[in-house]
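So the structure is just underneath, and the comments pick up after that.
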Amino acid sequence: MTGFAARQGAALGYEWTWDIRSVNGKGFDLRVRLPEVEGLETAVRSAVAQVAARGNITLNLRLARSEQAEGLRLSASGLTAVLRAVAQIEAAAQEQGLTLAPSRASDLLTLRGVIEQGPPALEDPAALRAALLRDLEALLTDFSAMRAAEGGEIGAVIGAQIDRIATLTEEAQAAAEARRPEVATALRANLARVMEGAPGADPQRIAQELAMLAVKADVAEELDRLRAHVTAARTLLADPAPVGRKYEFLTQEFVREANTLCSKSGSERLTAIGLDLKHVIDQMREQIQNVE
């Protein structure tokens, strides 16, 4: 199923934007674009797998320092380097018998590398990861709600298609019953022609062969299996668990029975019903591609 959700957040001197989207897919394919935050990707993949079992899903996180966190700060490493250099200079001056004026803090602050502009270094990556994951939970709730809404609409379409298949199955039953006299008449006529053309043929053997042809032309088993598949499809439709793969297998069984029905029809009406069945089943199969 398709779905989309986006969410913004801010904490610990950072601002971020989450977005997630999915399109239909036979399997589960998750692609993530995340900043380098220790332990984040593993937790994200686990969280998404809890709410989606199928589809091509893309999840992005854009993370940036907050403007409010920008400012001047003292660089410990830069100050250490400057103080070391000042000490070396004073020692060299003493060796030359020179006396230098005492250094003042304000002089040191003007030197490159002592003062930096920007946000302070992140001291606790775990705190940022926890804040991001809290927002991810809300994002996935919105994402799941959108997919569930679409699923409800698709379920209604599939339910109507199942009802249509059930109706066509009963129409096929009526058409099969209506053709019985024609089939019996045709078999008797065939038997008479065979006996006429082969006087020495064994009547019992010929009758057995014609009976086998009659059995092969009987569509009762196909109609019974179609009814069973309709019941199974309705059961799957009511199941809250992911059923997409099971539905795909079931549609293959629907197609098999519809094909057999057409091949054994023996009447224009039954063939037309079989073709209608194949058309509805094909439409249902397309919809099931969207079902998780």
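Every heavy atom of this structure was used, including side-chain atoms; hydrogens, water molecules and symmetry mates were not.
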Test side-chain contact (heavy atoms from CB on, under 4.5 Å), reference Arg33, set Asp19, Leu59, Asn60, output is Asn60

Residues Arg227, Gln173; criterion side-chain hydrogen bond (donor to acceptor under 3.5 Å, both in side chains); working and verdict: CA-CA 11 Å; Arg227 293 188 185 97; Gln173 178 71 55; 2.8 Å; yes

Checklist entry - Does a salt bridge link Lys264 with Glu222, judged by any charged N lying under 4.0 Å from a carboxylate O? => result yes

When every non-hydrogen atom of Pro35 is compared with those of Leu40, the smallest separation belongs to O-CD2, 4.4 Å

Given side-chain contact (heavy atoms from CB on, under 4.5 Å), test Gln287 with Gln161 step by step and report yes or no.
CA-CA 10 Å; Gln287 290 296 334; Gln161 291 167 339; 4.0 Å; yes

**Q.** Hphob cluster co-occupancy, Val51 + Leu136, side-chain heavy atoms under 4.5 angstrom
**A.** yes

**Trp18 versus Asp135, side-chain donor and acceptor atoms under 3.5 Å** = no

Tell me whether Glu253 is salt-bridged to Arg256, with the criterion being a basic N under 4.0 Å from an acidic carboxylate O. yes

**OP:** State, without any angle test, whether Arg164 and Gln283 hold a side-chain donor-acceptor pair at a distance under 3.5 Å.
**Re:** no

More than 12 heavy atoms of other residues, nucleotides or ligands under 6.0 Å from CD of Glu170: yes or no? yes

**OP:** Using the side-chain contact (heavy atoms from CB on, under 4.5 Å) rule, take Phe4 and Asp142 through it: C-alpha gap first, then chi angles, then the decisive distance, then the call.
**Re:** CA-CA 8 Å; Phe4 175 80; Asp142 295 342; over 6 Å; no

Stepwise side-chain contact (heavy atoms from CB on, under 4.5 Å) check, Met284 with Val280: CA-CA 6 Å; Met284 185 172 68; Val280 176; 5.5 Å; no

Distance col, row Arg45:CZ vs Ile57:CD1, nearest 0.5 angstrom, shows 11.0 Å

Within a 6.0 Å radius of atom CD on Glu248, are there more than 12 heavy atoms belonging to other residues, nucleotides or ligands? yes

Of all heavy-atom pairs linking Phe254 and Val230, the shortest is CZ-N, 3.6 Å

Checking Asp163, Leu277, Leu275 against Leu168 for side-chain contact (heavy atoms from CB on, under 4.5 Å), the one that qualifies is Leu277

Rounded to the nearest 0.5 Å, the CZ atom of Arg54 sits from the CZ atom of Arg147 at a distance of 10.5 Å

ask   = Got a salt bridge between Glu15 and Arg62, using NZ or NE/NH1/NH2 to carboxylate O under 4.0 Å?
value = no

Minimal heavy-atom distance between Ala43 and Leu133, with the atoms involved, is CB-CD1, 3.7 Å

Can we say Arg31 and Asp29 salt-bridge, meaning some charged N sits less than 4.0 Å from an Asp/Glu carboxylate O? yes

Rounding to 0.5 Å, atoms CG (Leu237) and CD1 (Ile162) come to a distance of 5.0 Å

_Quiz question: by atom type and distance under 3.5 Å, do the side chains of Thr17 and Arg7 form a donor-acceptor pair?_
no

**Worked check of side-chain contact (heavy atoms from CB on, under 4.5 Å) between Val44 and Leu132** = CA-CA 10 Å; Val44 166; Leu132 291 170; over 6 Å; no

dist Ile288:CD1 -> Leu250:CG (nearest 0.5 Å) comes out at 7.0 Å

So CZ of Arg65 and CG of Leu12: to nearest 0.5 Å the spacing works out to 9.5 Å

Do Leu30 and Met146 land in one hydrophobic cluster if side-chain heavy atoms of ILVMFWY residues count as linked below 4.5 Å? no

